[in-house]
Number of protein chains: 2
Amino acid sequence: MNALLRDANPPLTRSVEDYLKVIYHLSNQGGFAATSDIAAMLEVAPPSVSGMVKRLSETGLIEHVPYRGVQLTAQGRRAALKMIRRHRILELYLTQHLGYDWGGVHAEAEQLEHAVSDELVERMASTLGHPLYDPHGDPIPTAAGEIEEAELVPLADAAVGLKLELRQVGTQDSARLHYLAEQGLTPGVLLTVSERQPFNGPTTIALVPSGDRRVVGRELAQLLWCREVPVDGYGAAAR
Amino acid sequence: MNALLRDANPPLTRSVEDYLKVIYHLSNQGGFAATSDIAAMLEVAPPSVSGMVKRLSETGLIEHVPYRGVQLTAQGRRAALKMIRRHRILELYLTQHLGYDWGGVHAEAEQLEHAVSDELVERMASTLGHPLYDPHGDPIPTAAGEIEEAELVPLADAAVGLKLELRQVGTQDSARLHYLAEQGLTPGVLLTVSERQPFNGPTTIALVPSGDRRVVGRELAQLLWCREVPVDGYGAAAR
DNA sequence: TAATATGATTAGGCTATACTAATCAGATTA
DNA sequence: TAATCTGATTAGTATAGCCTAATCATATTA
């Protein structure tokens, strides 16, 4: 097979796609992703990252400042968001149509996202009614590569008395996810912070509208990302 | 990562799985699969096959007789049938639940079969009601690795007057599959051969029970594998 | 400012998969 | 039987990942 006859813009490999995704997550607020953090997230040795970083910057997917870290280029960001879209649509499809649960779906989607075609992703999206959020409440990027940038606070930092909507759960850990689901703490739930203990102590919340109480330790409270809900909206009577 | 801590029975790579599948298909009747045929099916150069053959026989998945060809061992056959099961369940799921058509589904399944977990395959199988045949009429191996060995004849060789059920269509070519679907020639259809021209000429068939005629050229007639249907069964009145 | 600690990179290898060019074995034909 | 043809194998390379050990750059601390 003549190299000149092959695709001029070859598909990214599995591994490249994984690197781009973690760089996206690590450099989210316009910062740099550090080599060692990338290595830790992917569970590879730091020199493997240096090697891949060289390849990725040669192909224009990332910008590398030695000893500083890396950032995605526009092209790299597009590729990363494409994978994130695939991942989140897969998670939702598997939970809604194939009986997967909240906790178990991540690993399966992680494998599949590298194998599904664009056509299949869009068929799943349309079967799902073009959803905006995945089962963890994370926003699903559009096919064009846009993503909702929500203003969220961790429950651990939210002011007492505010009406909040739980929007995202910042972990893929199956045990934590199961526990949260048992407690009724899933994306979409409305709540208020009724009390917080000092010295990084637990947060006590009241679910809305039921008024049920939950006490959430510091660690979990930092994983629960919430959006402030305007008070004159729904549910004001229930307080 | 210490090599001793890794999985003692690592998953087969994509490529190994593909080799096993084509060896299965090429050596179907207990024969040997030739190096050059494997190379042609996988679109790789013959030396690549020689190299892979060495690795596969070292790991006990195939038996190699130099300058003769290769055969699967029991272990290799199990691995091949596992991939075939995945492929066929995927094809059926994609056609029945995601709107894929007969012709377009093969390539997608080919990619996915390497990424899906056993759990996902079994969830799809159970959503489908544990089907026995894929959309082309090919039998789906069981999870335990058994496969129906049907006694089929190509339409091109079937005797005139016999009542037949079209069971399998021996191609993945999208144009041919679409044409056959238009002609109503899909697995499950009942028919009889009403006439055959000599010198490798076309076969004329009558569909049962409608009686509609179709004229099928030699090439297609060799792809249409049929099962003889006992005459005193269903549909006898319709003749 | 000098010494040290931390984190990043280079050097040098390993494996799986592919390739081309060269050689070898077996089958066919003269 | 000898010559030839076909198809299979070996030899030698390439690439994309990964690794460990050694070195280098930056930041921190004395």
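Every heavy atom of this structure was used, including side-chain atoms; hydrogens, water molecules and symmetry mates were not. What you see is a predicted model; the values in this text were computed from it and never measured.
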Compute both the distance and the angle, then confirm whether [X] meets the cation-pi test with [Y]: under 6.0 Å from the six-membered ring centre, within 45 degrees of the axis.
X: B/Arg218; Y: B/Phe199; answer: no
X: B/Arg123; Y: A/Tyr100; answer: yes
X: A/Arg167; Y: A/Tyr133; answer: yes

Does B/Glu113 have any salt bridge (Lys or Arg N to Asp or Glu O under 4.0 Å) partners at least two apart in sequence or in another chain, and if so, which? B/Lys21
Output all residues satisfying salt bridge (Lys or Arg N to Asp or Glu O under 4.0 Å) with B/Glu148, sequence neighbours left out; order by chain, then residue number.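 For B/Glu148, no residue satisfies salt bridge (Lys or Arg N to Asp or Glu O under 4.0 Å) once neighbours in sequence are set aside.
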Taking [atom1] from [X] and [atom2] from [N], how many angstroms apart are they, rounded to a whole number?
X: B/Glu17; N: C/dA16; atom1: CD; atom2: P; value: 15 Å
X: B/Leu26; N: D/dG7; atom1: CG; atom2: C1'; value: 15 Å
X: B/Asp37; N: D/dT6; atom1: CG; atom2: C1'; value: 13 Å
X: A/Phe32; N: D/dA27; atom1: CZ; atom2: P; value: 13 Å
X: A/Met52; N: C/dT9; atom1: CE; atom2: P; value: 14 Å
X: A/Asp18; N: D/dG17; atom1: CG; atom2: P; value: 10 Å

OP1 or OP2 of [N] sitting under 4.0 Å from any side-chain N/O of [X]?
X: A/Tyr19; N: D/dA16; result: no
X: A/Thr35; N: C/dT9; result: yes
X: B/Ser50; N: D/dT10; result: no
X: A/Ser36; N: C/dT6; result: no

Have a look at A/Val16 and say if it touches a base, only the backbone sugar-phosphate, or nothing, with a 4.0 Å heavy-atom cut-off.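 Sugar-phosphate, backbone atoms only, no base.
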When we call it a touch if two heavy atoms are under 4.0 Å apart, what does B/Ser48 touch: a base, just sugar-phosphate, or nothing? base
Looking at CD1 of A/Ile38 and OG of A/Ser48, how far apart are the two atoms once the value is rounded to the nearest 0.5 Å? 12.0 Å
Would you say the side-chain atoms of B/Arg196 pair up with the backbone N or O of B/Ala156, donor to acceptor, closer than 3.5 Å? yes
Short question: side chain of A/Trp102, backbone of A/Leu177 - any donor-acceptor pair under 3.5 Å?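 It does not hold such a pair.
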Neighbours of DNA chain D within residues 53-65 of chain B, by heavy-atom distance under 4.0 Å: B/Lys54, B/His64
Under 4.0 Å from any atom of DNA chain C, heavy atoms only: list the residues of residues 107-118 of chain B that qualify, in numerical order.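 Those residues: none at all.
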Please list, for nucleotides 23-25 of chain D, all pairs of protein and nucleotide N/O atoms separated by less than 3.5 Å.
{"residue": "D/dA25", "atom": "O4'", "partner": "A/Tyr67", "partner atom": "OH", "Å": "3.4"}

Any salt bridge linking B/Asp118 with B/Arg86? Criterion: basic side-chain nitrogen under 4.0 Å from a carboxylate oxygen.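 The answer is yes: the pair qualifies as a salt bridge.
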Should the pair A/Glu17-A/Lys82 be classified as a salt bridge under the 4.0 Å nitrogen-to-oxygen rule? no
Let me know which of B/Leu223, B/Leu224, B/Asp138 forms a side chain to side chain contact (heavy atoms under 4.5 Å, CB included) with B/Gln168.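 When side chain to side chain contact (heavy atoms under 4.5 Å, CB included) is applied between B/Gln168 and each of B/Leu223, B/Leu224, B/Asp138, only B/Asp138 qualifies.
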Extract all donor-acceptor atom pairs below 3.5 Å that involve side chains of residues 58-71 of chain B and protein atoms in other chains or at least two apart in sequence.
{"residue": "B/Thr59", "atom": "OG1", "partner": "B/Arg55", "partner atom": "O", "Å": "3.1"}
{"residue": "B/Thr59", "atom": "OG1", "partner": "B/Leu56", "partner atom": "O", "Å": "3.2"}
{"residue": "B/Gln71", "atom": "NE2", "partner": "B/Gly30", "partner atom": "O", "Å": "2.8"}

